There are 2 protein chains.
Amino acid sequence: MENSERRLKNCGLKITRQRREIIKILEQSTRPVSAENIFLALRQQGGTVSLSTVYRVLEILVNKKAVRRLNTVDESGALFELDDTHRHYLVCLGCHKMFPLDDCPLETYEKKLTCQTGFDVTGHSLEIYGYCRDCCKKKKN
Amino acid sequence: MENSERRLKNCGLKITRQRREIIKILEQSTRPVSAENIFLALRQQGGTVSLSTVYRVLEILVNKKAVRRLNTVDESGALFELDDTHRHYLVCLGCHKMFPLDDCPLETYEKKLTCQTGFDVTGHSLEIYGYCRDCCKKKKN
DNA sequence: ATTCAAATGCGAATAATTTGCATTAGCATA
DNA sequence: TATGCTAATGCAAATTATTCGCATTTGAAT
């Protein structure tokens with residue numbers, strides 16, 4: 001069984017060609033991708049998946065916590081990535097590239113918070129933005 | 001001169017009734033509000049401002065750094081608040097209330113990051129979510 | 001008071017996402 | 001392996017949030 005199929009099984013979802021293909025795109029991406037990107041990537045490689053199916057599959061996977069949805073300051077729409085590991089990005093406002101951070105700066109903070117406030121923290125979204133080294137250079141020139 | 005007018009002056013913007021009213025709503029709100037909320041609030045109190053003007057004024061104020069735009073995990077659209085102080089929220093996924101945090105957990109982290117990566121950090125978006133005390137109780141019952 | 005660019009209102013346009021419904025296809029079972 | 005039922009898909013239309021074009025109005029500088 002392929003990896004994509006295993007993921008679907010783990011979520012208790014039916015295995016379909018479309019779902020496999022969408023998951024494969026996510027597995028191949030080194031950066032978060034939009035629903036549209038997935039749709040276009042699949043179309044390019046000859047597959048046929050409708051955009052609404054892409055959205056529907058992503059929604060299901062997000063609910064199952066197999067995929068994470070990001071709202072970036074930068075982009076108009078949402079981006080998606082596999083939720084294998086907790087991760088944050090440095091987002092460059094110049095070139096729009098996203099650079100993953102090595103660690104999450106909030107782990108200890110959240111524990112403290114839960115104790116202090118009684119708020120049951122289930123997660124967070126964090127995005128740090130600015131200008132990458134290349135774009136800093138360009139700005140100076 | 002009223003506060004709202006002073007804010008506009010500080011931004012170098014022309015003072016208009018609509019802008020004053022929009023800023024007043026922001027000043028009165030204890031929580032971030034949507035463009036639609038502002039529009040409705042003004043309509044209720046008899047004012048007349050078009051929704052497109054609300055969006056336009058907010059956009060200008062965001063560019064002038066007088067207003068901050070938030071994309072919450074929770075809401076479909078964007079929320080806005082005055083950018084007087086840097087602030088983050090605990091967002092309750094049950095009742096959708098937003099509870100401001102006392103401090104920003106990222107200040108020292110960002111400095112470290114700038115040194116280590118050469119990425120010029122200009123800002124960040126952070127939102128911590130989960131369930132407030134009341135909603136935790138409700139879930140248990 | 002006059003002038004003129006900038007701001008506003010309105011409705012139409014756009015972009016991202018969702019939904020309804022008819023058709024198709026997994027997969028459990030006979 | 002064939003059959004049947006439900007869930008998944010495709011398509012087009014609907015929604016939602018936001019932006020834009022253009023005619024009209026209005027602040028504020030003179």
Side-chain angles (χ1 to χ4, degrees), chain A residues 1-2 4-23 25 32-43 46-64 66-80 96, chain B residues 1-2 4-23 25 32-43 46-64 66-80 96:
Chain A
M1 199 195 292
E2 348 183 293
S4 58
E5 296 181 350
R6 200 162 294 118
R7 287 179 192 274
L8 287 166
K9 283 283 182 200
N10 288 342
C11 296
L13 294 173
K14 201 182 275 187
I15 294 168
T16 67
R17 174 180 57 76
Q18 291 86 334
R19 288 177 176 176
R20 264 190 282 118
E21 291 179 355
I22 290 168
I23 291 177
I25 294 293
V33 285
S34 66
E36 182 96 29
N37 285 160
I38 294 173
F39 171 73
L40 293 173
L42 288 175
R43 162 162 297 187
T48 53
V49 182
S50 77
L51 185 53
S52 29
T53 295
V54 174
Y55 275 109
R56 266 188 294 230
V57 170
L58 288 171
E59 188 192 5
I60 292 169
L61 294 171
V62 167
N63 288 337
K64 298 285 185 183
V67 163
R68 182 172 30 232
R69 163 188 272 117
L70 315 173
N71 285 61
T72 91
V73 178
D74 220 31
E75 305 281 332
S76 54
L79 299 180
F80 301 84
H96 310 293
Chain B
M1 199 195 291
E2 349 184 292
S4 57
E5 295 180 351
R6 199 163 294 118
R7 286 179 193 275
L8 288 166
K9 283 282 183 204
N10 287 343
C11 295
L13 294 173
K14 202 182 276 189
I15 293 169
T16 67
R17 174 181 57 79
Q18 291 87 333
R19 287 177 177 177
R20 265 190 281 115
E21 292 179 356
I22 290 168
I23 290 177
I25 294 292
V33 285
S34 66
E36 181 98 31
N37 286 158
I38 294 173
F39 171 72
L40 293 174
L42 289 175
R43 161 162 298 187
T48 53
V49 182
S50 78
L51 184 54
S52 26
T53 296
V54 174
Y55 274 109
R56 265 186 295 229
V57 170
L58 288 172
E59 187 191 6
I60 292 169
L61 293 172
V62 167
N63 288 338
K64 297 285 185 184
V67 164
R68 180 171 33 230
R69 165 187 270 117
L70 315 173
N71 284 60
T72 91
V73 178
D74 220 31
E75 305 280 332
S76 53
L79 299 180
F80 300 85
H96 310 294

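Below, all heavy atoms of this structure are taken into account, side chains as well, without hydrogens, waters or symmetry copies. Below, read A as the first sequence line, B as the second, and so on, with proteins coming before strands; counting in each chain starts at 1. The model shown is predicted, which means the values in this text are computed figures rather than measured ones.
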Just to verify, what does A:Ser4 make a side chain to side chain donor-acceptor pair (under 3.5 Å) with, not counting sequence neighbours?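 Scan of A:Ser4 (side chain to side chain donor-acceptor pair (under 3.5 Å), adjacent residues dropped) gives A:Glu2.
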
I'd like to check the side chain to side chain donor-acceptor pair (under 3.5 Å) partners of A:Ser52; sequence neighbours left out, ordered by chain and number.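 A:Ser52: side chain to side chain donor-acceptor pair (under 3.5 Å) contacts with A:Ser50.
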
Holding to salt bridge (charged side-chain N to carboxylate O under 4.0 Å, His left out), I want the full list of residues that pass it with [X], two or more places apart in sequence or in another chain.
X: B:Arg68; result: B:Glu81, B:Asp83
X: A:Glu75; result: none
X: B:Arg19; result: none
X: B:Arg56; result: none

Protein and nucleotides 3-7 of chain C: nitrogen or oxygen contacts under 3.5 angstrom:
{"from": "C:dA6", "atom 1": "O4'", "to": "B:Lys14", "atom 2": "NZ", "distance (Å)": "3.4"}
{"from": "C:dA7", "atom 1": "OP1", "to": "B:Arg19", "atom 2": "NH1", "distance (Å)": "3.3"}
{"from": "C:dA7", "atom 1": "OP1", "to": "B:Arg19", "atom 2": "NH2", "distance (Å)": "2.9"}
{"from": "C:dA7", "atom 1": "O5'", "to": "B:Arg19", "atom 2": "NH2", "distance (Å)": "3.4"}

Take B:Lys9 and A:Val49, find for each the nucleotide of DNA chain D with the closest heavy atom, and name the residue whose nucleotide sits nearer the 5' end.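 Residue closer to the 5' terminus by nearest nucleotide: A:Val49.
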
Angle between the two end axes of the helix from C:dA1-D:dT30 to C:dA30-D:dT1, five base pairs per end, rounded to 10 degrees? 30°

May I have the distance from [X] (atom [atom1]) to [N] (atom [atom2]), rounded to whole angstrom?
X: A:Glu5; N: C:dG26; atom1: CD; atom2: P; answer: 11 Å
X: B:Leu58; N: D:dC20; atom1: CG; atom2: P; answer: 15 Å
X: A:Ile15; N: D:dA7; atom1: CD1; atom2: P; answer: 17 Å
X: B:Ile38; N: C:dT8; atom1: CD1; atom2: P; answer: 13 Å
X: B:Arg17; N: D:dT26; atom1: CZ; atom2: C1'; answer: 11 Å
X: A:Glu21; N: D:dT9; atom1: CD; atom2: C1'; answer: 13 Å
X: A:Phe39; N: D:dG10; atom1: CZ; atom2: P; answer: 10 Å

How long is the straight-line distance from OG1 of B:Thr72 back to CG of B:Asp74, given to the nearest 0.5 Å? 5.0 Å

List the residues meeting side-chain contact (heavy atoms from CB on, under 4.5 Å) with [X], not counting sequence neighbours, and say none if there are none.
X: A:Ala66; answer: A:Cys11, A:Leu61
X: A:Arg69; answer: A:Val62, A:Asn71, A:Ala78, A:Phe80
X: A:Arg17; answer: A:Arg20, A:Glu21, A:Thr48, A:Val49

Might you point out which heavy atoms bring A:Val54 and A:Ile22 nearest each other, and give the distance in Å? CA-CD1, 3.8 Å

With sugar-phosphate taken as primed atoms, P, OP1 and OP2 and all else as base, the protein-contact string of nucleotides 16-21 of chain C at under 4.0 Å (heavy atoms; B, S, -) is SBBBB-

